[in-house]
Every structure is written in structure tokens, then in C-alpha cells.
Amino acid sequence: MKPDNPLLKILACPLDKGPLILDEIGGALYNPRLRRRYPIVDGIPQLLPSSGVPDAEEEPAAEEERNASAGRDRA
């Protein structure tokens, strides 16, 4: 799928119905609000709710933030 594909303007996340961003490098459509990636297989976006996977790059940072927040709560 190419960035100028008109289909990108009408595709939406199956969970929050918001717009998706094309991740050409990862071969997926990305929802930054939910931090989920939907794979593109043979040029076809897999937009079933069960097809979305959490963004692995975002999880460690979110975990660190939660740990830092817990430390502030204890102080």
C-alpha cells in the first residue's frame, strides 16, 4: 500500500473508528491513540479487532512511566 492511496483516507480503526497512519517500514496501519498496529498482508489491511496488536515499541516506555508514577505516589 502506498501513502498516496485514496483508500487510506477512508480506512478507520475497527475499535475507535478513528483514522489510521500508514507505517510503510513495518507494513502496517497504526492507531496512535490506542497504540495498536494492524498488519497489511499481500496489500490487504487486516482490520479485524482481533488482528490489531499492541505496539511493542510503546509498551516499555509506558511501563517505565507507570513505575515512575508509582514512585511519586509513595513519596
Side-chain angles (χ1 to χ4, degrees):
M1 183 171 278
K2 296 183 180 183
D4 60 347
N5 189 325
L7 185 61
L8 285 174
K9 293 181 181 179
I10 62 170
L11 290 177
C13 174
L15 297 175
D16 73 357
K17 311 300 186 237
L20 297 167
I21 300 169
L22 177 63
D23 176 9
E24 289 182 273
I25 296 170
L29 292 170
Y30 179 62
N31 179 337
R33 297 167 306 284
L34 300 178
R35 296 185 183 128
R36 295 184 70 80
R37 293 186 181 281
Y38 296 92
I40 299 173
V41 179
D42 295 329
I44 301 169
Q46 307 298 305
L47 293 176
L48 294 173
S50 61
S51 298
V53 293
D55 187 11
E57 295 174 6
E58 296 290 334
E59 288 178 14
E63 184 176 332
E64 289 175 16
E65 185 177 318
R66 281 193 301 271
N67 292 340
S69 153
R72 284 193 300 265
D73 291 343
R74 290 185 206 134

Engineer: Do the side chain of R36 and the main chain of G52 share a donor and acceptor less than 3.5 angstrom apart?
Structural biologist: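 Yes, R36 side chain to G52 backbone: donor-acceptor pair under 3.5 Å.
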Engineer: Is L8 close to L29 at the side-chain level, that is, under 4.5 Å between some pair of heavy atoms?
Structural biologist: yes
Engineer: Compare every heavy atom of P39 with every heavy atom of S51, then report the nearest pair and how far apart it is.
Structural biologist: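 Where S51 meets P39 most closely, the heavy atoms are O-CD, 3.5 Å.
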Engineer: Drop me the distance from L20's CG to I10's CD1, to the nearest 0.5 angstrom.
Structural biologist: 11.5 Å
Engineer: Is there a chain of hydrophobic side chains (I, L, V, M, F, W, Y, each step under 4.5 Å between heavy atoms) that links L11 to I44?
Structural biologist: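 Each belongs to a different hydrophobic cluster.
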Engineer: On a heavy-atom basis, which atom in L34 and which in C13 lie closest, and how many Å separate them?
Structural biologist: CD1-SG, 4.1 Å
Engineer: Determine, step by step, whether L15 and N31 satisfy the side-chain contact (heavy atoms from CB on, under 4.5 Å) criterion, reporting the C-alpha distance in whole Å, the side-chain angles of both residues, the deciding distance to 0.1 Å, and the verdict.
Structural biologist: CA-CA 10 Å; L15 297 175; N31 179 337; 5.9 Å; no
Engineer: Test side-chain contact (heavy atoms from CB on, under 4.5 Å) on Y38 and Q46; report intermediate values, then the result.
Structural biologist: CA-CA 6 Å; Y38 296 92; Q46 307 298 305; 5.6 Å; no
Engineer: Answer with yes or no whether the hydrophobic clustering places L22 together with V41; edges join I, L, V, M, F, W, Y residues whose side-chain heavy atoms lie under 4.5 Å apart.
Structural biologist: no
Engineer: At their closest point, which heavy atom of A28 faces which heavy atom of R37, and how far apart are they?
Structural biologist: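 Nearest heavy atoms, A28 then R37: CB-CB, 4.3 Å.
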